[in-house]
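We count ligands from 1, going down the list as the structure has it; atoms in each ligand are counted the same way. Note that the coordinates shown come from a computational prediction; the quantities given were computed from them, not determined experimentally.
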Amino acid sequence: MSLLSSFKSLRLEGVSRDFGVVNALRDLTLEIKRGEFIALLGPSGCGKSTALNCIAGLLPTTRGQIMLDDKRIDTLPTEDRGFGMVFQNYALFPHMTVRANVGFGLKMRGVSKAEAAPRVEQAIRTVRLDTQAHKLPGHLSGGQQQRVAIARAIAIDPPLVLMDEPLSNLDAKLRLEMRQEIRRIHQSLGCITIYVTHDQDEALSLADRIVVLRDGTIRQVGAPEDLYARPAHLDVAEFMGFRTRIAGRVQAKDGNRVQLAVSGTTLDGVVQEALTGDAAIAAIRPDDLVPVAPDAHGIDGVVEAIEYRGRDFFGQARTKGGDELFFRSEQRLAPGASVRLGAEPHRVLVYPGA
Ligand code: ATP
């Protein structure tokens, strides 16, 4: 049992990491409570892996400290932190059985065979590989190999499990199944899981809280529902699937309700981030922007592309001014056709413009 396993929280206090002139992480401050599943989400190069590697001890921090309760851990070598790690290329030993792979970490830590055996079996049961434990990794499916990597990480009884895009090598169906597995394993362990991904769906479905990073800084931290409905900044909205972004000028304002002049018409929306002037940008999800009758209020565009997605169609149009509009349609509209698109005002989020 790790000395650190009865901890209550992990705190990052002003953690920064520079690579020469690149500030990969800038002053990251965050408290994570025991039992939480945290997703670090952001575009490529935003610092997700750097943050995870600093927590794991694979990279030293440039400034700041990492605390597990009141114990400073960023000064400890990786092996003394005792965290479980699952990475994209889960690097199992091909010549060792599942059981031997799972027990490897314990062996390296000098845990006796007698003590290790029940822990290995427990980890194998947790990931539901009991019937495969005697096999070599090469004889397992991708999802099963992934589960061996997870079992290996949890066998050492880690206070923290760190995962860096662990599902990116799997096909779509397996990814969905493994998401549920990972969530279930997290719940059965009751410790902290920190999960790096650039996939918003994965973050939304797995995490208790999502930390959105950009250029090495935290842009927003919140429950999936909050981030989905109320992204605090335009770049977070962009990342949360608000694909249509139209620049406009504030024409009327009543509390946080605003009317913007956009593309030859007006658009009503809700201010999400305090406006600093007249210039604003409205952000709308494709599902909330739909064709309306030609005499109804809406934004005019010309359809550029339309694609069937099962229940309905996903369309792309462009205004005269060149703004791109992404919308949902019940009907297949022909490219080149004119379309008028409208959205409920509470679905139109308004951010400061340039
Ligand atoms: P991805 O999703 O593509 O893996 P990420 O969000 O995990 O990206 P990081 O790998 O943390 O991003 O990189 C953050 C920044 O630090 C990037 O600008 C990257 O180029 C830089 N960086 C990362 N590792 C190094 C390194 N060893 N040397 C120099 N620069 C680095």
Exercise. Return the residue, atom name and 0.1 Å-rounded distance of the protein heavy atom closest to atom 3 (O) of ligand 1.
Key: Ser44 OG, 2.6 Å

Quiz item: So, does Cys46 sit close enough to ligand 1 that a heavy atom of it is under 4.0 Å from the ligand?
Solution: yes

Quiz prompt | Heavy-atom closest pair, residues Arg179 and Ser205 | solution = CD-OG, 3.2 Å

Quiz item: Taking the side chain as C-beta and beyond, is there a heavy-atom pair between Tyr308 and Arg332 under 4.5 Å?
Solution: yes

Practice problem: Starting from atom 10 (O) of ligand 1, find the nearest protein heavy-atom neighbour and note its residue, name and distance. | Solution: Ser49 CB, 3.8 Å

Quiz item: Among His198, Arg214, Arg17, Lys48, which residue places a heavy atom closest to atom 2 (O) of ligand 1?
Solution: Lys48

Quiz item: Closest approach of Pro231 and Tyr351, non-hydrogen atoms and distance?
Solution: O-OH, 2.6 Å

Exercise. Among all protein heavy atoms, pick the one closest to atom 31 (C) of ligand 1 and tell me residue, atom and distance.
Key: Phe19 CD1, 3.3 Å

Quiz item: Where is the tightest heavy-atom contact between Phe87 and Met85, given as atom of each residue plus distance?
Solution: CE1-CB, 3.6 Å

Self-check item: atom 19 (C) of ligand 1: any protein heavy atom closer than 4.0 Å
Solution: no

Quiz item: Considering only heavy atoms of Pro43, which atoms of ligand 1 have at least one such atom less than 4.0 Å away?
Solution: 6 (O)

Quiz item: Hey, is Ala51 touching ligand 1 through its side chain, its backbone, both or neither, going by heavy atoms under 4.0 Å?
Solution: neither

Quiz item: Out of Asp18, Leu213, Thr50, Leu40, whose heavy atom is nearest to atom 11 (O) of ligand 1?
Solution: Thr50

Quiz item: How long is the gap from CD on Gln220 to CG on Asp226, to the nearest 0.5 Å?
Solution: 8.0 Å

Practice problem: For the pair Lys8 and Lys33, evaluate side-chain contact (heavy atoms from CB on, under 4.5 Å) and give the outcome as yes or no after the intermediate values. | Solution: CA-CA 6 Å; Lys8 291 195 181 63; Lys33 297 249 179 337; over 6 Å; no

Quiz item: Does the pair Asp300/Lys320 count as a salt bridge with the N-to-O cut at 4.0 Å?
Solution: no

Quiz item: Hey, is Gly20 one of the residues with a heavy atom under 4.0 angstrom from ligand 1?
Solution: no

Quiz item: Would a search of protein heavy atoms around atom 16 (O) of ligand 1 find one under 4.0 Å away?
Solution: yes

Quiz prompt | For Gly45, atoms of ligand 1 separated by under 4.0 Å from a heavy atom | solution = 1 (P), 3 (O), 5 (P), 6 (O), 8 (O), 12 (O), 14 (C), 15 (C), 17 (C), 18 (O)

Practice problem: For Ala24, counting its heavy atoms only, list the atoms of ligand 1 lying under 4.0 Å from any of them. | Solution: 14 (C), 15 (C), 16 (O)

Quiz prompt | Residue pair Leu25 / Cys54: nearest heavy atoms and the distance that separates them | solution = CD1-SG, 4.3 Å

Self-check item: N/O donor-acceptor pair under 3.5 Å between Asp199 side chain and Glu202 backbone
Solution: yes

